[in-house]
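For reference, the structure is listed below as structure tokens.
Excluded from the calculations below are hydrogen atoms, water molecules and symmetry mates; all remaining heavy atoms, backbone and side chain alike, are included. All of these numbers come straight from a predicted model, not from anything done at the bench. Every number for a ligand or one of its atoms is a count from 1 in the order of the listing.
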Amino acid sequence: MMIINTIAELRKHIASQRRNNKKIGFVPTMGYLHEGHLSLVGISRQHSDYQVMSIFVNKMQFNDPKDYTTYPRDYERDFALAKGAGVDLVFLPDDSEMYQNRLTYVDIEMMTDHLCGATRPGHFRGVLTVVAKLFNIVQPDYAVFGQKDIQQAIIIQKMVKDLDFPVTIIVAPIIREPDGLAMSSRNVHLKGQDRSNAVSIYKSLQKAEELIQQGVVQSYALIPAITDVITAGKPKKIDYVSVVDYETLQPIESLKEKSVIAVAAFFGPTRLIDNMIVEKKGDAYTCVY
Ligand code: PAF
């Protein structure tokens, strides 16, 4: 597995892979890899021949400087895990390589000012800008993003469509701990009771599925039921419980052809997110979470 730090060297190397007709798969990350990231590599390998992973803790997407400094980092461990998962090349740029003289941003205001965007101003602008840069640098055929960060995955799909990036986006399933908690690099900050209470987020989605299968499709009924289950897990604060349209991310009154139920809550100081994609096929609803 190669580790490359500069854009110029990366471009040279990818160009030589392309000359050998290799399809490039790409998994962008901020490191501190867990099974969730490794599953993205597995999915990328099903579609492409040469696997690139970026590891870059993107300062621009942290609205809280403390969150940036405390974001867990362990590059040696990441390299070992990436290699084991079949990554061929890790792109590990530093801040100055990525952000010299930056004045240009990418944003989709309408889709980023609510859900996670409401409490993290500028976060998605930072995400879209760095992902656009990474796409231009790596020029992948396929890029894989986790469903766990569903708002991120949907806005990246929109950016790719609106700005004609020649890349296919794949949204990969959420990987969970045995008790149902969605895997996240931030879980390492969950201590004691907060860790066990945090599973109430997953339970709230199970409750939503149960209600949907009983025919409950109105947001005014689903949202309080989900909120009650999370509240029983004694979160420090519930950030949001929302039912939104999959394409536009706008709140909806009742489930549509494709909808997202998204939740965010704090357990201790740790903010956790989770979600369920609900699709209507004929009269039946399938819930993926
Ligand atoms: O999901 C992440 O880890 C980050 O938001 C991403 C996509 C790597 C951009 O920095």
Side-chain angles (χ1 to χ4, degrees), residues 7 10 25-41 43-44 51-65 67-75 77-78 81-82 85 87 89-95 97-99 102 104-108 111-112 115-117 119-138 140 142-160 163 165 167-175 182-189 249 262 264 270-275:
I7 295 170
L10 182 98
F26 182 41
V27 177
T29 80
M30 297 203 300
Y32 212 69
L33 304 179
H34 52 68
E35 265 180 63
H37 296 109
L38 306 181
S39 78
L40 305 185
V41 178
I43 289 171
S44 184
Q51 306 312 320
V52 180
M53 173 184 277
S54 60
I55 299 180
F56 178 62
V57 184
N58 176 36
K59 202 172 188 172
M60 206 206 284
Q61 72 188 69
F62 287 82
N63 48 310
D64 173 0
D67 194 18
Y68 172 72
T69 46
T70 59
Y71 196 84
R73 295 161 172 87
D74 187 342
Y75 297 133
R77 180 177 159 277
D78 286 348
L81 288 172
V87 170
L89 187 162
V90 169
F91 179 47
L92 183 77
D94 65 11
D95 262 10
E97 184 69 10
M98 288 297 279
Y99 284 136
R102 169 188 44 80
T104 307
Y105 295 99
V106 182
D107 207 349
I108 314 176
M111 295 173 79
T112 59
L115 300 175
C116 288
T119 48
R120 305 184 70 189
H123 167 68
F124 286 114
R125 183 163 90 153
V127 170
L128 288 170
T129 303
V130 83
V131 172
K133 282 174 69 70
L134 289 166
F135 282 175
N136 282 330
I137 293 165
V138 176
Y142 295 90
V144 190
F145 293 86
Q147 180 190 327
K148 191 182 137 265
D149 295 298
I150 190 68
Q151 188 173 13
Q152 166 172 287
I154 292 172
I155 62 171
I156 288 170
Q157 285 176 312
K158 182 72 178 143
M159 174 186 80
V160 161
L163 299 183
F165 281 91
V167 56
T168 301
I169 303 297
I170 300 166
V171 180
I174 299 173
I175 304 295
M183 285 195 185
S184 161
S185 304
R186 291 171 201 274
N187 291 355
V188 72
H189 298 311
L249 289 174
T270 312
R271 185 176 178 279
L272 300 175
I273 57 173
D274 208 335
N275 69 84

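- Listed by number with element, the atoms of ligand 1 under 4.0 angstrom from any heavy atom of P28 are 8 (C).
- Scanning for ring pair (Phe, Tyr, Trp, His ring centres under 6.0 Å) contacts around Y105 gives an empty result, with sequence neighbours left out.
- When I150, I154, L249 are each tested for a side-chain contact (heavy atoms from CB on, under 4.5 Å) with L115, only one passes: L249.
- Atoms of ligand 1 found under 4.0 Å from any heavy atom of V130, numbered from 1 in the order shown, are 9 (C), 10 (O).
- Listed by chain and residue number, F62 satisfy the ring pair (Phe, Tyr, Trp, His ring centres under 6.0 Å) test with Y71 (two or more places apart in sequence, or in another chain).
- Taking any N or O of T29, backbone or side chain, none lies under 3.5 Å from an N or O belonging to ligand 1.
- Classification of D67 and R186 as a salt-bridged pair holds, one side-chain N sitting under 4.0 Å from a carboxylate O.
- The residue from H123, Q152, K148 that puts a heavy atom closest to atom 1 (O) of ligand 1 is Q152.
- Among protein heavy atoms, the minimum distance from atom 4 (C) of ligand 1 is reached at Q61 NE2, 3.6 Å.
- Side-chain atoms of R271 and T119, non-hydrogen and from C-beta on, do get closer than 4.5 Å to each other.
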